[in-house]
Number of protein chains: 2
Amino acid sequence: MKTEICKVNEALNILVGKWKPVILYHLFHEGTLRFSELKRLMPEITQKMLTKQLRELEDEDIVQRVVYPQVPPKVEYSITEYGKSLEPVLNVMHEWGSAHAKHMKERRSKVSSY
Amino acid sequence: MKTEICKVNEALNILVGKWKPVILYHLFHEGTLRFSELKRLMPEITQKMLTKQLRELEDEDIVQRVVYPQVPPKVEYSITEYGKSLEPVLNVMHEWGSAHAKHMKERRSKVSSY
DNA sequence: CGGGATCCGCGCTGATACTG
DNA sequence: CAGTATCAGCGCGGATCCCG
């Protein structure tokens, strides 16, 4: 049992999963969304994956799941109070990510100009 | 070809890889390290993985690789000037990650007290 | 010393079909 | 509508061996 000094992985593990950042983006942006609404915002994700990633985010107390007992079923997802603490992290990553995409683009054009 | 609004993945893709955060942690902390020194700091990583992840970080212009043409070989790794822009990102993730670990620990102890 | 080459198992991801 | 169940492909990560 080693005391890991670097807790970056702790944050990373929450975010990895091909769709989690996008799911979180939509939930932060829209507030509350039904399952089908999330699905419509991400046409390429399968139902299985959407369910799975939402469950994982729920397990981490990032996302809240509210089931309305009615027919047809209605399930709403939103960011938990605690989950909101993730927003600055996502913003920093988003901004660095944008800058990095630009950096690499310029870099490649230099390389290809040989 | 869709314009992705969420660039979090852009940052994520640089960092994922089981060992990258730890590698970066050591390089930020120590400045410059030889391959064997990195290996010693992470006894569990295999040579193959260390090489691979360093290459990937090099491709992203985060890590610099300097080969000294001598026998026995000597290769030093360090963070590039550009790579230093990653430090605040890592810090934010590290801090949130630490807080999250604590949060989940407390949360679990509550749940188990049924 | 700092790699490269190869083989392999496992888990993530996806496609598809079914259900309360 | 919001899932669950099952099957399959593939790439990541690891183990092991070889090399300049």
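A note on names: the letters A, B, ... follow the listed sequences, proteins ahead of strands, and every chain is numbered from 1.
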Rounded to whole Å, CE of A/Met49 lies from C1' of D/dA2 at a distance of 16 Å
Rounded to whole Å, CG of A/Leu50 lies from P of D/dA2 at a distance of 10 Å
request  = Tell me what A/Lys39 touches on the nucleic acid: a base, only sugar-phosphate, or nothing, going by heavy atoms under 4.0 Å.
outcome  = nothing
Is there a donor in the side chain of B/Tyr68 and an acceptor in the side chain of B/Glu76, or the other way round, less than 3.5 Å apart?
yes
Exercise for review: Examine A/His100 together with B/Tyr82 and report whether their ring centres are nearer than 6.0 Å.
Suggested key: yes
note: B/Glu56, atom CD; C/dG3, atom C1'; distance rounded to Å ~ 16 Å
Heavy atoms under 4.0 Å, any strand shown: does A/Gln53 hit a base, just sugar-phosphate, or nothing? sugar-phosphate
A/Leu12 atom CG is separated from D/dG13 atom P, nearest whole Å, by 11 Å
Winner on side-chain proximity to A/Arg34, out of D/dC1, C/dC1, C/dG14, is D/dC1
N or O in side chain of A/Ser36 less than 4.0 angstrom from D/dA2 OP1/OP2: yes
Looking only at heavy atoms, the pair that brings A/Phe28 and A/Gly83 closest together is CZ-O, 3.6 Å
Atom NZ of B/Lys52 and atom C1' of C/dG2 are separated, to the nearest Å, by 18 Å
- Message: For the backbone of B/Ile45 and the side chain of B/Lys39, can you confirm whether one donor and one acceptor N or O come within less than 3.5 Å of each other?
- Response: yes
Q: Would you indicate whether B/Glu81, at its atom CD, is surrounded by more than 12 heavy atoms from other residues, nucleotides or ligands within a distance under 6.0 Å?
A: no
Counting N and O atoms only, with roles assigned by atom type, does the side chain of A/Thr80 sit under 3.5 Å from a partner on the main chain of A/Asp61, one being a donor and the other an acceptor?
yes
B/Glu44 CD to D/dG13 P, in whole Å, measures 15 Å
With B/Val8 as partner, the option from A/Leu90, A/Val89, A/Leu24, A/Val22 fulfilling side chain to side chain contact (heavy atoms under 4.5 Å, CB included) is A/Leu90
note: B/Gln70, atom CD; C/dG3, atom C1'; distance rounded to Å ~ 15 Å
Between CG of B/Leu41 and P of C/dG2 the distance, given in whole Å, is 13 Å
Residues B/Met93 and A/Ala11: closest non-hydrogen pair is O-CB, 3.5 Å
Side chain to side chain contact (heavy atoms under 4.5 Å, CB included) between B/Ile23 and B/Leu41: does it pass, once the steps are laid out?
CA-CA 9 Å; B/Ile23 293 173; B/Leu41 289 167; over 6 Å; no
Side-chain contact check for B/Trp19: nearest option of D/dG13, D/dA2, D/dG14 is D/dG14
Axis-to-axis angle for the helix from C/dC1-D/dG20 to C/dG20-D/dC1, ends of five pairs each, to 10°, equals 50°
Each nucleotide of nucleotides 3-9 of chain D classed B (base within 4.0 Å of a protein heavy atom), S (only sugar-phosphate) or -, in 5' to 3' order, makes BS-B---
